[in-house]
Amino acid sequence: MPAPVGIIGGTALSGPHGLDAGRESPVATPYGTPSGPLVRGRWAGREVVFLHRHGPEHRLAPHAINYRANIRALADAGVERIVAASAVGGIGPEMRPGRVVIPDQLIDYTWGRAHSFADEEGPVPHVDFTQPYDPDLRAVLVNAARGLDLDAVTRAVHGVTQGPRLETAAEIDRMDRDGCDIVGMTGMPEAALAREAGLAYACCAVVVNAAAGRGEGAIHAEIERTLAEGMATLGRLLDAVLPDL
Ligand code: HPA
């Protein structure tokens, strides 16, 4: 039997919408408890394990998430591949709200998060992170997005900020100069921990607002307007992707 696919939901994917016969199991790990119960079931014919990174009631801020426990719990559940959904701000003009983005690179601006499974003593895992997202898993996402005619952006640099506040306009200008196309708050250390744990990990993001200083109106109003449709689009992408995994 193939290993179940791990799906990490968040602001952009709040529930395991396509999941049948979900069974919830609370788990503990040596790193503490994950954000919520793991929901197991079938989605589009595929066995999946779903975890909401902000917790079932969306109470955990990006810096307060126990990323190590989340990744360890998914690995312990037998997951070998993780598709992580994210709501992001768009930095470049082509990163319009509503657009799906499958990033191929990231820059980590977070700080103070438990970002490695390495203990203070013991072997040091200098994992190769040249390509932070698994190329094969990305390719499946990209093909599914093309098949759906989603007009997805299939290469992008994902800048990950500390939050929970949104960025200043100058911070976004700096990120633009650094080469970032989209900005979110939860992509790291999630991606690096998955790599340390030996799990294939890819991100499918949906732009829900123009980043600070890049849009016309108020950011929160734009997020409210865009989120429901963005979630529905990511749900469709997962419906299409899961049978291929
Ligand atoms: N900045 C950071 N994270 C985000 C944003 C943003 O503008 N929108 C959604 N997540």
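For ligands, and for the atoms within them, numbers begin at 1 and follow the listed sequence. The analysis underlying the following values was restricted to heavy atoms, covering all of them including side chains, and did not include hydrogens, waters or symmetry mates.
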What residue and atom, counting heavy atoms only, is the protein's closest point to [atom], and at what distance?
atom	value
atom 7 (O) of ligand 1	N209 ND2, 3.0 Å
atom 1 (N) of ligand 1	E167 OE1, 2.7 Å
atom 5 (C) of ligand 1	G89 N, 3.4 Å
atom 4 (C) of ligand 1	V183 O, 3.5 Å
atom 10 (N) of ligand 1	A87 O, 3.2 Å

When the ring planes of H58 and H54 are compared, do they come out parallel, tilted or perpendicular, using 30° and 60° as the limits?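 H58 vs H54 ring planes: parallel.
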Say whether Q105 and R155, considering side chains only, have a donor N or O and an acceptor N or O under 3.5 Å apart.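 No, R155 and Q105 have no side-chain donor paired with an acceptor closer than 3.5 Å.
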Tell me yes or no: between the side chains of E190 and Y201, is some donor less than 3.5 Å from an acceptor?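 Short answer, yes.
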Could you give me the CA-CA distance, side-chain angles and deciding distance for H158 and Y133, then say whether side-chain hydrogen bond (donor to acceptor under 3.5 Å, both in side chains) is met? CA-CA 11 Å; H158 183 184; Y133 301 109; 3.1 Å; yes
Indicate yes or no: does an N/O atom of T161 lie under 3.5 Å from an N/O atom of ligand 1?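 No, T161 has no N/O under 3.5 Å of an N/O on ligand 1.
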Does I223, backbone or side chain, put an N or O under 3.5 Å from an N or O of ligand 1?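 Between I223 and ligand 1, no N or O pair is found under 3.5 Å apart.
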Got a sec: does the CD of E80 have more than 12 other heavy atoms crowding it under 6.0 Å?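 Atom CD in E80 is not packed in, count stays at 12 or less.
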Examine the proximity of ligand 1 to I219 and report which part, side chain or backbone, both or neither, has a heavy atom under 4.0 Å away.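 Answer for I219: neither.
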Got a donor-acceptor contact below 3.5 angstrom from the R138 side chain to the T154 backbone?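 Yes, the answer is positive, given that a donor and an acceptor are paired below the 3.5 Å cut-off.
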Give the numbers and elements of all ligand 1 atoms closer than 4.0 Å to a heavy atom of L166.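 That gives atoms 1 (N), 5 (C), 6 (C), 7 (O) of ligand 1.
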If you apply the rule ring-ring contact (aromatic ring centres under 6.0 Å, His included), what do you find for F117 with Y31, and how did you get there? CA-CA 9 Å; F117 289 114; Y31 302 98; 5.1 Å; yes
